[in-house]
Amino acid sequence: MQIRIALAGNPNCGKTTMFNVLTGSAQYVGNWPGVTVEKKEGYCKGDKSIVITDLPGVYSLSPYSPEEIVSRDYLIEERPDVIVNLVDATNLERNLYLTTQIVNLGLPVVVALNMSDLVKKNGNVVYPEKLSEQLGCPVVETSALKNEGLEHLVDVAVSLAKEKRPATPSFSFDAEVEDALSEIEECIGEFSPKHLLRWNAIKVFEGEERTIDALSLPPDALDRVSKVRTLAEEHFDDDAESIMTSERYDAIAHIVDGALKKSAKGMTLTQ
Ligand code: BGO
């Protein structure tokens, strides 16, 4: 059985470094079809049954840049067996913005808390189990630079892939937004694959044309979701996409609050 691992993360989180350590010299570099975005694939060193695809570095899975579209389409359409989401542990808030989207894709996910060596050097402490509770997936501390934790990371990824166990995030948004999302889930339920229901509901709430077109919703469902969106926009006095962005950052603030202890020394060194 072949296992396909996708490496996803922000630019500069250490993806290239990790990909190189994991694959050694067994890599193939090309382009994603139709775009000048680099595609790198390789076998896991010492185990040709594991294929690793290095996705372009992105901050979000919105469909705006070629990199975002490549990453998003690959994850949604090709459905790798497991996503290894690299997170720069010295910059949790920014990196978790992508993570909060990745864990809604209905796929197995393991978060690699990369740059853990720098976190320790700065005197800070990140609690992987606290992050894991909120994100609904395993979280493994790594240092791609020092080749620490990578063997364990691959073991966890392979187990998740074999079990086909998707991430089950437990963080939630404001009650008004959750109500709106539940109503949208009801409207689109019969048109969306079950594993992507939450993801699609969020995208439909945001009014994202790409997802709405792909779902081919009938006029009455379109009308209903549009009313739900308008009500939320009136309530929050903001557009739906901005509402979701703020909701994500609020959720992240809560997640990080419980999972990161900054030392006075760390504060000084990271500034
Ligand atoms: C430079 N720990 C530490 N400390 N550094 C890491 C780790 C880690 O776990 N992982 C990666 N890095 P990329 P993307 C650099 O290049 O893999 C470092 O964009 C430098 N270069 O070595 O490229 C890695 O593919 C000069 O750092 O990330 C690299 O995701 C001075 O993070 C950087 C200092 O890694 C980005 C660093 C000339």
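For ligands, and for the atoms within them, numbers begin at 1 and follow the listed sequence. Values below: every heavy atom of this structure, side chains too, minus hydrogens, waters and symmetry copies.
- Remark: atom 6 (C) of ligand 1 lies closer than 4.0 Å to at least one protein heavy atom.
- For K15 and E38, the salt-bridge test fails: no basic side-chain N is under 4.0 Å from an acidic carboxylate O.
- The residues K227 and D223 are annotated as salt-bridged, a charged nitrogen and a carboxylate oxygen being separated by less than 4.0 angstrom.
- In this structure, CD on Q134 lies 4.5 Å from OG on S170, to the nearest 0.5 angstrom.
- Annotation: C13 places an N or O atom under 3.5 Å from an N or O atom of ligand 1; distance criterion only.
- Counting only heavy atoms of the protein, atom 10 (N) of ligand 1 lies nearest to N114 ND2, 3.2 Å.
- Within ligand 1, the atoms closer than 4.0 Å to a non-hydrogen atom of T16 are 14 (P), 17 (O), 25 (O), numbered from 1 in the order shown.
- There is no protein heavy atom closer than 4.0 angstrom to atom 29 (C) of ligand 1.
- Taking a cut-off of under 4.0 Å to the non-hydrogen atoms of S143, the atoms of ligand 1 that pass are 2 (N), 8 (C), 9 (O).
- For ligand 1, the atoms sitting less than 4.0 Å from at least one non-hydrogen atom of L145 are 2 (N), 3 (C), 4 (N), 5 (N), 6 (C), 7 (C), 8 (C), 9 (O), 10 (N), 22 (O), numbered in the order shown with element in parentheses.
- Rounding to the nearest 0.5 Å places CD of E151 at 10.5 Å from CG of L22.
- Closest of all the heavy-atom pairs between V103 and C137 is CG1-SG, 4.3 Å.
- Within the 3.5 Å criterion, the main-chain N or O of Y97 finds no donor-acceptor partner in the side chain of R248.
- The protein reaches atom 32 (O) of ligand 1 closely, with a heavy atom under 4.0 angstrom from it.
- In this structure, atom 12 (N) of ligand 1 lies nearest to the protein heavy atom M115 CE, 3.8 Å.
- Annotation for ligand 1: atoms under 4.0 Å from non-hydrogen atoms of T17 are 11 (C), 13 (P), 17 (O), 24 (C), 35 (O).
- Each of D54, T23, T142 was scored for a side chain to side chain contact (heavy atoms under 4.5 Å, CB included) with M18, with one residue passing: T142.
- In terms of protein heavy-atom proximity, atom 9 (O) of ligand 1 is nearest to A144 N, 3.0 Å.
- Not a single protein heavy atom sits closer than 4.0 Å to atom 16 (O) of ligand 1.
- Among protein heavy atoms, atom 2 (N) of ligand 1 sits closest to D117 OD1, 2.8 Å.
- Formation of a donor-acceptor pair under 3.5 Å by the E67 side chain with backbone atoms of V37 is not found in this model.
- Atom 19 (O) of ligand 1 has its closest protein heavy atom at N12 N, 2.7 Å.
- For L118, every heavy-atom contact with ligand 1 shorter than 4.0 Å involves the side chain, none the backbone.
- Taking CD1 of I50 as the reference point, atom NZ of K45 lies at 13.0 Å (rounded to 0.5 Å).
- Between the side chain of D81 and the backbone N or O of R4 there is at least one donor-acceptor pair closer than 3.5 Å.
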